[in-house]
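In what follows, chains carry the letters A, B, and so on, assigned in the order in which the sequence lines appear, proteins first and then strands, with residues in each chain numbered from 1.
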Amino acid sequence: MAEVAGFPDWDGDIAAARALQVELAARVVVRDDYRQPLRTIAGFDVGFEDDGATTRAAAVLLDADSGQVLASEVARIPTRMPYIPGLLSFRELPALLLALERLPQAPDLAFVDGHGIAHPRGLGIAAHFGVATGLPSIGVAKKTLVGSGSEPHQMRGAYTPLRHEGAQLGWVLRSKVNCNPLVVSPGHRVSMASSADLVMRFTGKYRLPEPTRLADRLASRRDEGRG
DNA sequence: GCGACAG
DNA sequence: ATCTTGTCGC
């Protein structure tokens, strides 16, 4: 199987892709192992152009203390595989890795749009990103993929555990009042307990935490007016 | 067999 | 994800 940038080319073999996920998931570290205090953080997200023919990834590096944007990068590459629930990372990660490379420096912690370990085989895009880069990461998703949790209290910052098959995979977090909760899960080198706290620590007046919110704007098609 | 299914 | 303006509600 040929590959590009360390990634296997998509050959339609779903079973093989799932088997690879199981292997990679075994390398995920779910415990706090990142620089403290954090100096820099970064948000990552992906969008599509040309009716999906082009994948556009955005990376935004921020100062962890001031929240100031230190750098922003956008990377475009030809889309190589369709969206298949559960196999999202194989479709979006190549572009994200390119955007990361273009940042002047790697962040101490990465916030990735999508799930961390809250995935059927424990390897959502944030976890895959973490294992692939070795960087600490957290998954911030807008919807659930697997598992369920009770409705968190209406207060901002309230959260309830996301459970699946008897285990906790993440948190259902009310990042903002009157908004649907986010689904947060550890990606790599971040503990279950810290994942929700870290997301709230970098969430301001909007539903999404700043790193992901800014990356979302750059990756989204609506941003084509600026650069 | 049927429904669900990150982005 | 993406196609898309105004509009109802807190």
Donor-acceptor pair between A:R121 and A:Q21 side chains, under 3.5 angstrom: yes

Atom-to-atom span, CD1 of A:I14 to P of B:dC5 - whole angstrom: 18 Å

Taking atom types as modelled, find out whether A:T203 and A:S175 have a side-chain donor-acceptor pair closer than 3.5 angstrom. no

Can you measure A:Q154 atom CD to C:dC10 atom P for me and round it to whole angstrom units? 12 Å

Atom CD of A:E92 and atom P of C:dA1 are separated, to the nearest Å, by 9 Å

Is A:L123 touching bases, backbone alone, or none of the nucleic acid, heavy atoms closer than 4.0 Å? nothing

Let me know the distance between CZ of A:R91 and C1' of C:dT2, rounded to the nearest Å. 11 Å

Output field: ring centroids A:F44/A:F111 closer than 6.0 Å: no

What contact category does A:G139 fall into here, base, sugar-phosphate, or nothing, at under 4.0 angstrom with non-hydrogen atoms? nothing

Keeping the roles fixed (side chain from A:D50, backbone from A:A53), state whether a donor-acceptor pair exists under 3.5 Å. no

Would you indicate what A:I125 reaches in the nucleic acid, counting non-hydrogen atoms under 4.0 angstrom: base, sugar-phosphate, or nothing? base

A:F48 near the nucleic acid: base, sugar-phosphate alone, or nothing, with a heavy-atom cut-off under 4.0 Å? sugar-phosphate

Select base, sugar-phosphate, or nothing to describe what A:D113 touches, counting heavy atoms under 4.0 Å on all strands. sugar-phosphate

Taking the six-membered ring for Trp, are the ring centroids of A:H128 and A:F90 within less than 6.0 Å of each other? yes

Quick one: A:L93 CG to B:dG7 P, roughly how many Å, whole number? 16 Å

Any side-chain donor-acceptor pair under 3.5 Å between A:S194 and A:D197? no

Rounded off to whole Å, could you give me the CD1-to-P distance for the A:I138 and B:dA6 pair? 21 Å

Using atom types as modelled and distance alone, determine if a side-chain donor or acceptor of A:R174 lies under 3.5 Å from a backbone N or O of A:M155. no

Spacing between A:D45 atom CG and B:dG7 atom P, to the nearest angstrom: 9 Å

Measure CZ/A:R207 against C1'/C:dC10 and give the value in whole Å, please. 16 Å

Please, what dot-bracket string fits DNA chain B when only Watson-Crick and G-U pairs with both distances under 3.5 Å count, crossing ones use [ ] and pairs to another strand use |? .......

Out of B:dC5, C:dT2, B:dG7, whichever nucleotide has its closest atom nearest the side chain of A:L88: B:dG7

Verify stack between A:Y83 ring and B:dG7 base, 5.5 Å, 30 degrees: yes

